[in-house]
Amino acid sequence: MKIGILGGTFDPIHYGHLWFAEYAREKFKLDKVFFIPNRVPPHREIPIATSKQRYEMVLLATLNNPYFEVLPIELEREGVSYMVDTIRDLSTYFSNAELYLLLGNDAFRDFLKWKDPYKIVEKVSIIIGSRGEEYYANDLKDFIKTFENKIFFLDFPYYPISAKEIRDRVKKGLSIKYLVPENVEEYIIKNSVYCEEDQKDVK
C-alpha cells in the first residue's frame with residue numbers, strides 16, 4: 001500500500017491543495033492520501049480559523065474523493081504539531097505501507113529547519129510539487145543528493161492561489177467562488193469564518 005501525507009494549516013483548504021494531492025496520487029499511484037490539519041504550526045502564525053472549523057472544511061473538501069481521507073491526529077495531540085511525531089505514529093500504524101510526504105516547494109525549501117528532518121526522511125519518501133526552476137541553499141542540495149532515491153520532484157500545473165488571498169477576499173467581502181469547493185465556500189459564509197481577524201483559536 002502506498003500512502004500520501006499532506007499536512008498543513010488548511011486555513012482554509014483550497015483547490016491548490018486538492019489539485020496537488022490528486023495529481024501526486026495519479027502520478028505515483030498512491031492508494032490513499034491523508035490530509036492532516038495541524039494544531040499549532042511550528043513555522044507559521046497561529047491559524048485564523050479554529051481547529052474545528054479547519055477540520056470540518058477539509059472534511060467537506062475531500063468528501064467526494066474516495067482516495068482522500070482526513071486524519072485529526074495532530075489536532076488531537078497537544079502542543080506544537082511536528083511532522084516527525086506524526087510520521088512516527090503513521091509508520092507504526094501502517095508498518096507495511098510505503099509513505100510519501102507531499103510538500104510544496106516553499107515548505108521543502110525550509111525542510112532542514114524542521115524538527116529532526118533526517119528522522120522524517122528515514123521513514124518516508126518526499127514528493128515535492130515543483131513550480132518550475134528552484135534555487136536551493138547548498139545544504140539542501142547536499143541533502144537532496146544524499147537522499148536522491150527518496151526525493152521526487154513532481155512538475156505539476158501550478159494552481160495560482162493562496163490561503164491568505166482567500167482570507168483577505170473574505171474579509172473584504174469579495175467572492176471566493178472557484179477558489180475553494182462550493183461546500184467549503186458555503187461553510188465559510190454560513191459560519192462567518194475570516195470575517196474578523198480575532199478568530200484565532202487553536203482549540
Side-chain angles (χ1 to χ4, degrees), residues 4-22 33-63 65 68-90 101-111 113-117 120 128-129 131 158-203:
I5 301 163
L6 183 60
T9 54
F10 301 119
D11 192 26
I13 190 169
H14 54 70
Y15 278 129
H17 299 125
L18 297 164
W19 173 228
F20 176 34
E22 181 68 359
V33 177
F34 289 145
F35 286 72
I36 303 180
N38 54 38
R39 180 181 176 88
V40 182
H43 304 292
R44 294 181 179 228
E45 293 183 354
I46 298 297
I48 303 298
T50 66
S51 293
K52 180 177 182 292
Q53 289 172 332
R54 291 183 293 113
Y55 176 66
E56 290 176 345
M57 286 190 284
V58 178
L59 280 176
L60 289 170
T62 58
L63 193 61
N65 191 324
F68 289 174
E69 186 173 337
V70 188
L71 295 186
I73 183 172
E74 292 189 354
L75 298 178
E76 295 169 350
R77 192 168 62 227
E78 295 294 332
V80 177
S81 303
Y82 291 114
M83 181 56 71
V84 67
D85 298 329
T86 301
I87 295 299
R88 178 199 62 218
D89 293 343
L90 291 178
L101 179 61
L102 309 185
L103 294 179
N105 251 322
D106 293 344
F108 181 67
R109 194 180 292 112
D110 293 327
F111 184 71
K113 299 176 183 177
W114 289 21
K115 181 181 178 182
D116 296 328
I120 294 175
I128 302 157
R131 300 177 181 179
Y158 173 52
Y159 203 104
I161 182 61
S162 72
K164 184 180 184 305
E165 180 181 350
I166 293 170
R167 296 194 302 269
D168 288 345
R169 291 184 67 84
V170 172
K171 193 173 181 184
K172 294 174 183 176
L174 300 175
S175 172
I176 57 170
K177 195 174 294 294
Y178 312 122
L179 302 179
V180 299
E182 185 175 354
N183 53 7
V184 174
E185 178 193 12
E186 291 172 353
Y187 181 95
I188 289 172
I189 294 171
K190 179 180 179 181
N191 294 280
S192 301
V193 189
Y194 309 122
C195 291
E196 298 295 337
E197 285 291 339
D198 61 0
Q199 278 188 291
K200 291 185 180 180
D201 178 9
V202 297
K203 295 181 180 179

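Both backbone and side-chain heavy atoms feed into the values below; hydrogens, waters and symmetry mates do not.
Among residues two or more places apart in sequence or in another chain, the side-chain contact (heavy atoms from CB on, under 4.5 Å) test is passed with Lys113 by Asp110. Applying the side-chain hydrogen bond (donor to acceptor under 3.5 Å, both in side chains) criterion to Tyr55, with sequence neighbours excluded, gives no partner residue. Listed by chain and number, the residues in a side-chain contact (heavy atoms from CB on, under 4.5 Å) with Val84 are Tyr82, Lys115, Asp116, Lys119, Ile120 (sequence neighbours excluded). Not a single salt bridge (charged side-chain N to carboxylate O under 4.0 Å, His left out) links Glu165 to another residue, sequence neighbours left out. When the side-chain hydrogen bond (donor to acceptor under 3.5 Å, both in side chains) test is applied to Asn38, no partner is found at least two apart in sequence or on another chain. With sequence neighbours excluded, the residues that form a side-chain contact (heavy atoms from CB on, under 4.5 Å) with Ile36 are Ile5, Phe34, Leu71, Ile73, Glu74, Thr86, Leu90. With sequence neighbours excluded, no residue satisfies side-chain contact (heavy atoms from CB on, under 4.5 Å) with Leu63. In this structure, the salt bridge (charged side-chain N to carboxylate O under 4.0 Å, His left out) partners of Arg88, at least two apart in sequence or on a different chain, are Asp85.
The two residues Val193 and Ala49 have their closest heavy-atom pair at CG1-CB, 3.8 Å. Heavy atoms only, all atoms of each residue included: Phe35 and Phe10 are closest at CD2-CZ, 4.0 Å. The two atoms that bring Val58 and Pro37 nearest to each other are CG2-CG, 4.2 Å, heavy atoms only. Scanning all heavy atoms of the two residues, the minimum distance from Gly7 to Met83 falls at CA-CE, 4.3 Å. The minimum heavy-atom distance linking Pro47 with Arg54 is given by the pair CB-NE, 3.5 Å. Contact record, Leu103 with Phe20: O-CZ, 3.6 Å, taken as the closest heavy-atom pair.
Counted by atom type alone, Asn65 and Glu22 present one or more donor-acceptor pairs between their side chains at under 3.5 Å.
Listed by first then second residue, pairs satisfying salt bridge (Lys or Arg N to Asp or Glu O under 4.0 Å) with a partner in residues 181-192 read Lys177-Glu185, not counting sequence neighbours.
Side-chain contact between Tyr194 and Pro12 is present, with heavy atoms from C-beta onward closer than 4.5 Å.
Using a 30° and 60° split on the angle between ring planes, Phe111 and Trp114 fall in the tilted class, from 30° to 60°.
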Check against side chain to side chain contact (heavy atoms under 4.5 Å, CB included), Val70 and Phe68: CA-CA 7 Å; Val70 188; Phe68 289 174; over 6 Å; no
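The CZ atom of Arg167 sits 5.0 Å away from atom CG of Asp11, with the distance rounded to the nearest 0.5 Å.
Checking side-chain atoms of Ser81 against main-chain N and O of Arg39 turns up a donor-acceptor pair under 3.5 Å.
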